[in-house]
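We use all heavy atoms of the structure for the numbers below, so side chains are in, but hydrogens, waters and symmetry mates are not. Letters A, B, ... mirror the listed sequences (proteins, then strands); counts begin at 1.
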Protein chains: 2
Amino acid sequence: MFDINPSAASPIWLQIEEGIRRMISLGALKPADPVPSVRDLARTLRVNPNTVARVYQRLTEAGVLVVRRGEGTYVADVPQQPKKSEKHEKLRDGATAYAGTALAVGAGVDEAAAELERSYDRLSRELRRKA
Amino acid sequence: MFDINPSAASPIWLQIEEGIRRMISLGALKPADPVPSVRDLARTLRVNPNTVARVYQRLTEAGVLVVRRGEGTYVADVPQQPKKSEKHEKLRDGATAYAGTALAVGAGVDEAAAELERSYDRLSRELRRKA
DNA sequence: ACTACTGTACTAGATTGATAATACAGTGTT
DNA sequence: AACACTGTATTATCAATCTAGTACAGTAGT
């Protein structure tokens, strides 16, 4: 699945939300696939079920997941990707945060870019392994 | 100076801390230079003075700033950079977070790297302008 | 001395994120 | 019908963050 870092700057619910979106983007979760139940995923990630429930609700509102009440939660037939504007905004915000950190610790562009590629490849590989 | 995003995932005090470290890394703040007073910086960034005070204390403990009580706070003569291990850790964590976001919104490595360079250049330019 | 700045300290509230425990309604299996 | 699962809802509690207001000690200029 993916890992949660409870001591990270970004809140747990966001980490879970991005984790699910990543798995869908990479095909580790395909349309109509079931996602783990709220309680299962909470146990796996060692977080509170309420936190997972909130994420599923958000992703359902966003059209990424669909709920069949009493039965389970599934990836939507056509999982919505963020709108182009929203995608760019999140990408830009993320890039700004990372660039800010890199500059703060005295890392050059090349160093930062190299580390980015490493992380990107690692995350891709981890998820594609389960596709 | 730099901007604060109150609704960002990372806490305000961290944004301020990294902002100061960036300015020193880029030479916008040089050794022995005075930094704005707690109240001044708080007013400029539109945050609470307590938040700025905590950052100054952290940076003083880290050997980045020095305090002359009753007079002001200054950049240390030899502002400490994070240790190599700590630098790498922060860089890796930042890269992981950014790569995770990029994958979540369906952006490719190249797209993410391009956006990173843009942000890096922008931040550099903004700060070098005041050096 | 007076004034106006420094950093520092403290208390008190609001908000947010996360946890914990419980309960309820819907579905499928036995 | 009984049971074991689903998602959902509610309430309470705790910690972290940020804000607000106030106060105090040190320094500099008038």
Side-chain angles (χ1 to χ4, degrees), chain A residues 1-20 29 32-76 79 93 97, chain B residues 1-20 29 32-76 79 93 97 100-101:
Chain A
M1 179 84 25
F2 47 83
D3 292 330
I4 294 301
N5 181 356
S7 61
S10 93
I12 294 178
W13 63 265
L14 220 189
Q15 295 180 51
I16 299 175
E17 181 169 330
E18 291 200 334
I20 305 256
L29 281 176
D33 273 356
V35 295
S37 78
V38 166
R39 292 170 180 80
D40 270 3
L41 185 54
R43 191 151 13 89
T44 303
L45 302 180
R46 312 178 125 264
V47 299
N48 193 277
N50 290 330
T51 308
V52 176
R54 277 178 50 206
V55 171
Y56 279 14
Q57 282 177 307
R58 282 179 55 90
L59 289 175
T60 299
E61 287 172 18
V64 176
L65 302 178
V66 290
V67 164
R68 291 211 279 275
R69 171 145 200 198
E71 188 177 347
T73 307
Y74 302 82
V75 177
D93 287 353
Chain B
M1 180 84 25
F2 47 83
D3 291 331
I4 293 301
N5 181 358
S7 61
S10 91
I12 295 178
W13 63 264
L14 221 190
Q15 296 180 50
I16 300 176
E17 180 170 330
E18 291 200 335
I20 305 257
L29 281 176
D33 273 357
V35 296
S37 78
V38 166
R39 293 171 179 80
D40 270 2
L41 185 54
R43 191 153 10 89
T44 303
L45 301 179
R46 313 178 122 264
V47 298
N48 192 279
N50 291 328
T51 308
V52 177
R54 277 180 49 208
V55 172
Y56 279 14
Q57 282 176 307
R58 281 179 56 88
L59 289 175
T60 299
E61 286 172 18
V64 176
L65 302 179
V66 291
V67 165
R68 289 212 279 274
R69 172 143 200 198
E71 186 177 349
T73 307
Y74 302 82
V75 178
D93 287 352
T101 301

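- Between the CD atom of B/Glu71 and the P atom of C/dA4 there is a distance of 19 Å, given to the nearest Å.
- Rounded to an integer number of Å, the gap from B/Asn48 CG to C/dT15 P is 16 Å.
- Remark: P of D/dT17 and CD of B/Glu17 are 12 Å apart, rounded to the nearest angstrom.
- Positionally, the nearest nucleotide of DNA chain C for B/Pro36 lies more toward the 5' end than for the other of B/Pro36 and A/Val47.
- Residue-to-nucleotide contacts include a donor-acceptor pair under 3.5 Å from the side chain of B/Asn50 to the base of D/dG21.
- Across all non-hydrogen atoms, the minimal contact from A/Asp3 to A/Gln15 is O-OE1, 4.4 Å.
- The distance between atom CD1 of B/Ile12 and atom P of C/dT15, rounded to the nearest whole Å, is 15 Å.
- Considering only heavy atoms from C-beta on, B/Ser37 stays 4.5 Å or farther from B/Tyr56 through its side chain.
- Regarding contacts with the backbone of D/dT19, a side-chain N or O of B/Thr51 is found under 4.0 angstrom from either OP1 or OP2.
- Among the atoms of the strands shown, base atoms are found under 4.0 Å from some heavy atom of B/Arg39.
- Between B/Arg43 atom CZ and D/dG21 atom P there is a gap of 15 Å when expressed in whole angstrom units.
- Counting heavy atoms from C-beta outward, B/Phe2 and B/Leu45 have side chains that approach closer than 4.5 Å.
- Between the C1' atom of C/dT27 and the CZ atom of A/Arg68 lies a distance of 11 Å, rounded to the nearest Å.
- Contact record, A/Asn48 with A/Ala42: C-CB, 4.0 Å, taken as the closest heavy-atom pair.
- Residue whose closest nucleotide on DNA chain D sits further toward the 5' end, between A/Gln57 and A/Gly70: A/Gly70.
- With D/dT6, C/dG17, D/dT8 as the candidates, the nucleotide lying closest to the side chain of A/Pro11 is C/dG17.
- Across the protein-nucleic acid pair, A/Arg54 atom CZ and C/dA20 atom P stand 15 Å apart, rounded to whole Å.
- Proximity of A/Val35 to A/Leu41: side-chain heavy atoms (C-beta onward) are nowhere separated by under 4.5 Å.
- The interatomic distance linking A/Asn5 (CG) with C/dA18 (P) rounds to 12 Å, in whole Å.
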